[in-house]
Undergrad: 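Supplied in C-alpha cells, the structure appears directly below.
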Amino acid sequence: MNDMTPTQAERTGKLEGLGCRRKRTEDIRFTQGRGNYVDDLKLPGMLFGDFVRSSHPHARIKSIDTSKALALPGVKAVLTAADLKPLKLHYMPTLAGDVAAVLADDKVLFQNQEIAFVVAEDRYIAADATELVEVEYEALPVVVDPFQAMAPDAPVLREDIKDKMDGAHGPRKHPNHIFNWQVGDKQGTDAVFDTAEVTTKDLFVYHRTHPSPLETCQCVASMDKIKGELTVWGTFQAPHVIRTVVSILSGIAEHKVHVIAPDIGGGFGNKVGVYPGYVCAIVASIVLGVPVKWVEDRMENLSTTSFARDYHMTTELAATKDGKILAMRIHVLADHGAFDACADPSRWPAGFMNICTGSYDIPVAHLEVDGVYTNKASGGVAYRCSFRVTEAVYSIERAIEVLAHKLGMDSVDLRMKNFIKAEQFPYHSALGWEYDSGNYHVAMQKAMDAVGYPALRAEQKTRQEAFRRGETRQLLGIGVSFFTEIVGAGPSRNCDILGVGMFDSAEIRIHPTGSIVARMGTKSQGQGHETTYAQIIATELGIPADDITVEEGNTDTAPYGLGTYGSRSTPVAGAATAMAARKIRAKAQMIAAHLLEVSEYDVEWDIDRFKVKGLPEKFKTMKEIAWAAYNNLPPGMEPGLEAVNYYDPPNMTYPFGAYFCVMDIDVDTGVAKTRRFYALDDCGTRINPMIIEGQVHGGLTEAFAVAMGQEITYDAQGNVMGASFMDFFLPTAVETPKWETDFTVTPSPHHPIGAKGVGESPHVGGVPCFSNAVNDAFAFLEAGHIPMPHHAWRLWKVADGLGLHA
Amino acid sequence: MSRVPVKMTINGRAVEALIEPRTLLIHFLREQAGLTGAHIGCDTSHCGACTVDLNAMSVKSCTVFAIQANGAEIVTIEGMAAADGTLHALQDGFRQMHGLQCGYCTPGMIMRAHSLLKENPNPSEDEIRIGISGNLCRCTGYQNIVKSIQYAAAKINGVPYQEAAE
Amino acid sequence: MIPSGFEYHRPNSVQEAVALLAQLGEEARPLAGGHSLIPVMKTRLSAPEHLIDLAGVSGLKGIRQEPGHIVIGAMTTQYEISGSPLLAETLPILRETSLQIGDPQIRYLGTLGGNVANGDPGNDMPAVMMCLDAEYQLVGQSGQRGVRARDFYLGAYDTARQNGEILTEIRIPVPPRGHGYAYEKLKRKVGDYAVAAAAVILTMTNGKCTMASIGLTNVADTPLWAEAAAQALIGTGLDHAAIANAAAAAETITDPAADGRGPAEYRTKMAGMMVRRAIARAKSRAQN
C-alpha cells in the first residue's frame, strides 16, 4: 500500500452505488430539450388522427355521415365502428375482464366517447374534419349517481352484455352491476360489531380524479406492409403488455410487433391501459400503409382516458371503550363508468383494497365491494398508488380519526395502541396479507418528536379558545396519517395481467472493456431508472455507475416485463437487476480464481474486485475480469459475461410512513393554508436519497392537489365539468406547500437488497393527512366527517353550517 | 385560407417559411423548425410547458400565432447551451438540485427561469415561486426547482450556492 | 386544440384598422395580446374569418400623464403597467391588479385594452376601471367617442363597443394624492379568474372617509360598480359598522353564476368579504 492506493471508501465512492445521491443520467438530455417524447417523432408520410366525440352522455346513434369530412382536401380516411366491426375491433378487451368500445357502435355511454377517427395529412386538417362529421343522436336517460345505478327502473347502460349475468368476477345482480367482491370473515366480524362497546360508521367518498401527467396519451403506429411488421411508439408504462395485447388484437405475430416507449412525460397510472386512440392509429396505419400519429389534447385526457378513485366507502370500526380496535367492516360502492377498465391484476376486481386494515392489528374484518356502471368515462386506475391502496388508506385513516374523536382520545395515542408491533412481523392481516417488515412505533415517535406534537396540540387548544372568544377567524388543524402501502405486484401465484404473471426482468451485459448495458422490463416515466438501476449494478458488480447504460422501453431489446406502476419497479425489476448481477458475479468469481490461480473458494468479493483471502494485494478487478471473460477463461467455460433474471417476487413489499400536516383555515373564506408538512417514509433500503426525496415531494404535491380540489365532476345531465387546467386543480409553485422529509430504514427481508419502493407512498399517505388536518380543524365544533375535496367553498359551507358566519 | 410569409430569428438562426396564419408558434417551432424541446401540456395557456423567449419575454407559444412572432427573436431551450456545448447555469442547476423528473415541463421551466433571472438576478424564494407560477410541474412539487434556480442565480452571480435548511 | 382558419391582417394605423373592420364586417375580430381570444379560438367557441392584429398599429402603446388624467394606450401590456413608475405613483391600484392577472407569461403579452374591451366578466381590469371612473376612447370610421367604463358593460361579452370600432386608449382621472386603494381577489390558484374580487379607492380627511368608489369582479354577467356600497362609507370613520354596511350593499347587487369556483351564495358572500378586506387595506394605506 502506498499513498496513491485508493482506500475502500474512495473505491466505494467512485462507484456511485447504493445510497449515493447520484445526479441523474437522464437530466443531461432533458435539460437541453433533447428528450425524445412520442410527439417529437416525425416519420416520412406520417398522417395524423383525431376523434369525433360524443356530445351526449347517453344516446343512441341514429346515423353518422362522414361524407363532408372525406371531401375535405387532405383527409385520407374516416373510421367508424362499421369499419372496425369486420375486423372485430369495435370492442377491445379491458384488463378487468370486460370489453370497452373502441368506436361507439349503436350507442354512446359517456360524454366525449370516441365515435369516429379522422385521418388527415396534418393535425390542423384532422381537427377541421372532425367538425364535418355529422352524428345524429337520440338522447337516452342517464345514470350519474352510482347509488341509483342498480335501481329497478334504472336505464340499462350496457346493452352489449345485458344478458350476460355471469361477469368476469362472478354473478351480476343487475344489468348495471359489474361485480361483488368479498374478503374476510363476515360472520365473525358481524358478531364483534353486535356486542362492541363503541362503533363508528361513516360514508367516506373518495372523489373521482385523474392522474393527468403533463404529457397526454399519444402514439405513432407504423405498418410496414412489405415486411408485415408493425411498430408502435407510445406513452406506455407497460410496453411488453401492450405488445402482447396488440398482437392478440391485430393477429400479427408477436415477433412482428415492435412496441417502443420512448421518454414519457409522467404517467401516474394514466398510461397503463390500452385506449381507443392506440387501436385506431394502428388500424389506420394497417389500412393506409403509412405511419399514423394520435395525440390527445388535455380536454380529451381529463375526460376520457382513465380516471381514478370514485369509491364510496361505508366504513365501520368496532372498539373497546379504552381504544382497542376489535373489528373493521367496509362496504364499497365503486363507480367504474361505462366500461370496467380498471387496471388491476386480473384476479383483483377492487385491487388491493383489502389492505384497508392499514397499520393496525385488527383481529377480524370484512370487506365487500360492488362495482357499477354509470354514464361516465371508464377507468379506475391506480393513480400514483398501488391498486386501490389510496382508497384503503384514506378509509382507515379517516376512520381512526373519527373513532379517536368519539373515544375522546388523541388519535396518535389510538394509533400507537393499535399498531402492529415490530415483533409481530411477518404479520398476517385479517384480510389475507403477509406484511413483510415494519417498525411503526419507532417511526411514529420519531415523527412526533420532529414536529413537536404536544406543543402543536397546545397551540391548537389556545387557538380554539381564542376562536371561541372571537379573537381570531382562523382555525388550526393538525393532520396525522400513518400508512402502510402494499406494492411490488406481484407474486405470479396471485397476480397476473391478462394471464401473464407479474414478474419482472433484467438483462445485464458486461462488455470486454468493463462497461455495461442493462435492460429491464419496466419503463421510467420520470422516476430516474437510468440512474438508480445503474446504482444497484454498480454496488453488485463494482463497475462505476457512469460506465453503465440502462435501457428500457424497447420490446425488441428489453426482456419481457410487466412495466412500471404500483411502485413495482424497485421491488420487482430492481430485485431482478440484483439477481442478474449476482449471476454475473458468481461467474466472475470463477474467472478471478482462474486468473489468480487459486480455488474459487479462496477468493472473496471486495467492492470492485475479487481478492485472495488473506492476501488483499492479490486481486482482480471486475474490469480485468470482464476482459478475461472474452479471452482467458477457465477451461470449458462459456465466454462472455452476461445474465438475465426473471424475478417472481415471493411477496409484496410494505413501505410505510408517518405524516404530519399543520393547516390554518380562514372560516370567512374557507381558504386553507398548509404551513407545515412533515413526511417520514420507510421504504427499506434507500438506493438514491436525492431521488427518494424528489419522489416524496412530487407525491405529496399530488396528494395536496387531490385532497384540496383536484376533481372530475359531472352535472346531473351527465356533462363532464371542468376538464381543463383552468378548473382541474393542479397547484402552481405558489399554492404548493413546502415539504420536510425524513426517514427510517426497515429493509424488506425478502428483497435481494431490502428495498421496498417509494414513488407512491407520499400520495397514499398524503391525501388522508391533508384531509385529517381539515377535519381536525373543525372537530372541536363537532362538524362530523367533512368530505373531500376541500375546496374553499366547501369549507366555507361547513363553517356556515356550524353557524360561524352568524 | 391563403398562406403568409413569416420570418424570425430562432436561436440566432434566421428562419423563413410560408405558413397558414392559424399556425400556432409551438407547432411552428416543433414541426417546421424541428425544435421539439418546447412541449404542449394543456392547450389552454395554463401549464407553460411551451414557454419560449420572444423578444426577451417568456411567452406561452401554444397561445401565440407564429405570424404574431413575425420579425421576432426567439430563443428556445435548444439555444441555451453555449456553442461549445457548455450547459447554461440553469441547465446545470436543474441537474445538480434534482429540479426535474419526467423532463416534460423542464424546457419551459428553464426558459421561464431564464427570463426571471434576467429581470431579477437574485430573487427570493417567494419571488421565484411567483415567477414560475405560470409553469406547472406534476413531478417535483417545485421545491427542488426553486433550489435549481437559486443554484443557477448563485452561479451566474459568481457567488457560492448555499442551500437553505429544509 | 386547433383554431379554425382565418385571414390575417396587420394594419399600421388606427385608420387602416378601422377601415379593415368596416370592410370585413362581423367576421373580423381585432387581435391584441391574444390571451383571451386565442384560447376560445382553439376550442372553436369563436371562429372569426379575419383577425386584425393591432400589434403594428402605431400610437396604441404607452402611458402618459395629462392634467388630471393618466392615459394608457390600449396595447399597453399588464407587464408594462405593473412596471410603470408613473402608475406606481399615481394609480398604484393598477400595479396591484395587474400582478394578480394570469401569470408572468400572460402578463407579458396580455394588454389592458384586451382585458377591458372583450367583455369577459372574469377579467379584472374592468371593475377597477369602473371604480376609477375611467373613460374608453373608441375610434370608428365615423370618428372618435368616449364611453365611461361605468356605461360600457352591457352583458357577458356584450359591450358598448360597436362593430367597426377599436378601443385606442383608456383615460383615467387621477385620484387625490394620498388616497387609499386595494384590489382584493379571491381565486383558487394563480391564473384563475376571481371567485370574487373587489377594487376600492377612498380618501380620508380628519379620520372621515370623504370619497370612496368600489368595483366588483366576476360576481355578475358584467363587472359591477357598487355605488351604494361606496356611499355607505362616506362620512364614516370606516368603522366595523360602516364596512359591514358597504359589504352588505355590495352583496345585494351581485348575481353570480355557480361554477367550479363555488355556488352563487358563496360567491356573493365572498364579494362582500373582498369588499371588507379591500376597504380595510385601503384605509390602512390612506393618508389622513
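So you know, we letter chains A, B, ... as the sequences are listed, proteins then strands, and number each from 1.
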Undergrad: Chain B contacts: which residues in residues 15-41 of chain C have a non-hydrogen atom closer than 4.5 Å to it?
TA: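 Answer by number: C:Leu31, C:Ala32, C:Gly33, C:Gly34, C:His35, C:Ile38, C:Pro39, C:Met41.
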
Undergrad: Taking atom types as modelled, find out whether B:Ser2 and C:Tyr8 have a side-chain donor-acceptor pair closer than 3.5 angstrom.
TA: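 The criterion, which ignores hydrogens and geometry beyond distance, is not satisfied for C:Tyr8 and B:Ser2.
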
Undergrad: Pair up each side-chain donor or acceptor in residues 215-222 of chain C with any protein partner under 3.5 Å, not counting sequence neighbours, and list the distances.
TA:
unit_1: C:Thr217; atom_1: OG1; unit_2: C:Tyr183; atom_2: OH; d: 2.9
unit_1: C:Asn218; atom_1: ND2; unit_2: C:Ala194; atom_2: O; d: 2.7

Undergrad: Is it the side chain or the backbone of B:Leu136 that comes within 4.5 Å of chain C heavy atoms, both, or neither?
TA: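 Side chain only.
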
Undergrad: Do the non-hydrogen side-chain atoms of B:Leu116 and C:Pro104 ever get within less than 4.5 Å of each other?
TA: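 The answer is no, as the side chains (C-beta and beyond) never meet within the 4.5 Å cut-off.
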
Undergrad: By number, which residues in residues 62-98 of chain B have some heavy atom less than 4.5 Å away from chain C?
TA: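 Listed by number, the contacting residues are B:Cys62, B:Thr63, B:Val64, B:Phe65, B:Ile67, B:Gln68.
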
Undergrad: Tell me, for B:Thr51 versus chain C, whether the close heavy atoms (under 4.5 Å) come from the side chain, the backbone, both or neither.
TA: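 The side chain, not the backbone.
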
Undergrad: Please determine, among B:Thr44, B:Ile130, B:Leu24, the option with the most heavy-atom pairs under 4.5 Å with chain C.
TA: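 Heavy-atom pairs under 4.5 Å are most numerous for B:Leu24.
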
Undergrad: Which residue in the set B:Arg129, B:Lys60, B:Arg112 passes salt bridge (Lys or Arg N to Asp or Glu O under 4.0 Å) when paired with C:Asp103?
TA: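 When salt bridge (Lys or Arg N to Asp or Glu O under 4.0 Å) is applied between C:Asp103 and each of B:Arg129, B:Lys60, B:Arg112, only B:Lys60 qualifies.
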
Undergrad: Which one of C:Pro3, C:Gly191, C:Gly102 has the most heavy-atom pairs closer than 4.5 Å to chain B?
TA: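 So the answer, after comparing C:Pro3, C:Gly191, C:Gly102, is C:Pro3.
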
Undergrad: Rounded at 0.5 Å granularity, tell me how far OG in B:Ser58 sits from CZ in C:Arg107.
TA: 10.5 Å

Undergrad: Measuring heavy-atom distances to chain B, does C:Ser4 have an atom under 4.5 Å in its side chain, in its backbone, in both, or in neither?
TA: backbone

Undergrad: Using the test side-chain hydrogen bond (donor to acceptor under 3.5 Å, both in side chains), find all partners of C:Tyr181 that sit at least two apart in sequence or belong to another chain.
TA: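 Applying side-chain hydrogen bond (donor to acceptor under 3.5 Å, both in side chains) to C:Tyr181 gives none.
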
Undergrad: Look up atom CD in C:Gln105 and atom OG in B:Ser133, then write down how far apart they are to the nearest 0.5 Å.
TA: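 With rounding to 0.5 Å, CD (C:Gln105) is 7.5 Å from OG (B:Ser133).
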
Undergrad: Supply the atom-to-atom distance B:Arg22 CZ to C:Glu7 CD, rounded to the nearest 0.5 angstrom.
TA: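 That separation rounds to 12.0 Å.
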
Undergrad: Would you find more than 12 non-hydrogen atoms of other residues, nucleotides or ligands less than 6.0 Å from C:Arg281 atom CZ?
TA: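 Buried by this count: over 12 neighbours within 6.0 Å.
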
Undergrad: Would you sort out whether C:Phe6 and B:Glu20 count as a side chain to side chain contact (heavy atoms under 4.5 Å, CB included), showing the intermediate values?
TA: CA-CA 8 Å; C:Phe6 56 84; B:Glu20 267 195 276; over 6 Å; no

Undergrad: C:Leu99, C:Thr43, C:Asp192, C:Leu109: which one forms the most heavy-atom pairs within less than 4.5 Å of chain B?
TA: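 The answer is C:Leu109.
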
